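As structure tokens, the structure follows; a few thoughts come after it.
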Amino acid sequence: MVEYILLALLIASVIVFSSSILLLQKSLRYFRAVKTLMENRVKGVKKPRKRYVVFAVICEDRVLFKSVENAVKEKFVEYYGESMYHKASPRLILYDETTGRGVIRVLHTCTDYLLATMGLIKKINDKNCIMLPIKTTGTLRKAREYVEKLKL
Amino acid sequence: MGLYLKDQTWGWLALLPKIFVDAYVRKCDSRLLETAWIMGYRALVCEEINVPFSNKNYASNSSTTRLIRKVVIRAKDVPELRKKLGEVNYRKQFVTVQPLDIEVARWASHDSRIDSILLTTENIHVFDKKQQNTMKYYSKPLEIPLHILFRGDVELRGVIYRRMQLYAGRRVPVIISSMAEKWNELYPPISIVKLLLTQYDIPERITLNAITHIPWVIISKKEVE
């Protein structure tokens, strides 16, 4: 008789345990739903961050700031289109014409596109040139430091 | 030498640890070698070498670049290929075959004297599914020059995209080369990786292997010239 009671208790405890888990899951779902309703801010849109690409231009002759900027723009638009260019908005932040080193700022999601574009540049102002990406940093300060290091 | 190449500070740039290899350069002169070294290339496979080099290395300033001679064989049929292969010193030279016929491509896949099979716009019809299976079985690398990927007809580039997906996506070893004749026709390694990622959807790992590990394994087997 005792065995039957123990068995019945065991079955009952298993049923109670599984039902309590189910209830917990449901209550969690309700809790999350209420929490999202109470939240004021909409999540999912991340703040656009910037990346700074340190580069070097190896050229037959000295090239100007404007020429480098135009060359990057031309190749970027040719291979990835205007819409991607506007999204990435690469901007030449600094460029030393004597040493041929500089920094380009770009949207963090489009860094790959800029690095790819740099490899495609073979001429700047009808002069044989190549553009060499060296380092990608998250802050302009670090990028400046890197350019200074390269001058040494 | 160019204006900026004389600058000694470039040595600092080339402290990158990876060994990049350009598996097909048409003409190697001192300027091209200097530029390749700045970019991080430590070995070049050249069809025409215009610099004095001895004991397999070309040394200038503090840099040392390994040079290997390349032979490209264009063949329309198997007897022609066999004849041309007989004239080549495959133990010292990097042998690449450009098959113009399906039979030649199949035959080239299982010949151990051949190091790679070249894909160009002329012979793209040769590289079908069966050829992919054969190349995968014999681990024969497919060599793809970069200029056909980024220049030329849009429709043709579409065909190349599908071929790339078929071969690189199914673990056929791939080698990426520049086919450069002048120093400014070389591509920086990081740009090659990102170009193939953004334009041909090839994962970074595959492209990195294609410009480092796969050609380096072939080169390291070659005897000193």
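Atoms considered below: every heavy atom in the structure, side chains included; atoms not considered: hydrogens, waters and symmetry mates. Just so it is clear, the structure is predicted and the values come from calculations on it, not from any experiment. Note on naming: letters A, B, ... go to the chains in the order of the sequence lines (proteins, then strands), and numbering restarts at 1 for each one.
At a 4.5 Å heavy-atom cutoff, the contact between B/Leu186 and chain A is made by backbone atoms alone.
Within 6.0 Å of NE2 on B/His213 lie no more than 12 heavy atoms contributed by other residues, nucleotides or ligands. The neighbour count for A/Lys35 NZ, taken as heavy atoms of other residues, nucleotides or ligands under 6.0 Å away, does not exceed 12. More than 12 non-hydrogen atoms from other residues, nucleotides or ligands lie less than 6.0 angstrom from NZ of A/Lys127. Other residues, nucleotides and ligands contribute over 12 non-hydrogen atoms within 6.0 Å of the NZ atom of A/Lys122. Counted within 6.0 Å of CD on B/Gln165, heavy atoms from surrounding residues, nucleotides or ligands total more than 12; the atom is thus considered enclosed.
Listed options B/Asn184, B/Leu146, B/Thr198, B/Leu197 were ranked by heavy-atom pairs under 4.5 angstrom with chain A; first place goes to B/Asn184. Among the candidates A/Asp112, A/Thr111, A/Leu120, the residue making the largest number of heavy-atom pairs closer than 4.5 Å to chain B is A/Asp112.
When side chains are defined from C-beta on, A/Tyr80 counts as touching B/Gln199, because their heavy atoms get closer than 4.5 Å. Residues B/Leu195 and A/Tyr79 fail the side-chain proximity criterion, which asks for heavy atoms closer than 4.5 Å. At a threshold of 4.5 Å between non-hydrogen side-chain atoms, the residues B/Trp183 and A/Glu60 count as touching. Within the 4.5 Å cutoff, no side-chain heavy atoms of B/Tyr187 are placed close to those of A/Ile130.
Between B/Arg31 and A/Cys59 the shortest heavy-atom distance is NH2-O, 4.3 Å.
Expressed to the nearest 0.5 Å, how far CE of B/Met39 lies from CG of A/Leu132 amounts to 5.5 Å. Distance check: B/Ile38 CD1 to A/Ile58 CD1 gives 4.5 Å after rounding to the nearest 0.5 Å.
At distances below 3.5 Å, not a single donor-acceptor pair connects side-chain atoms of B/Ser191 with backbone N or O atoms of A/Ala116.
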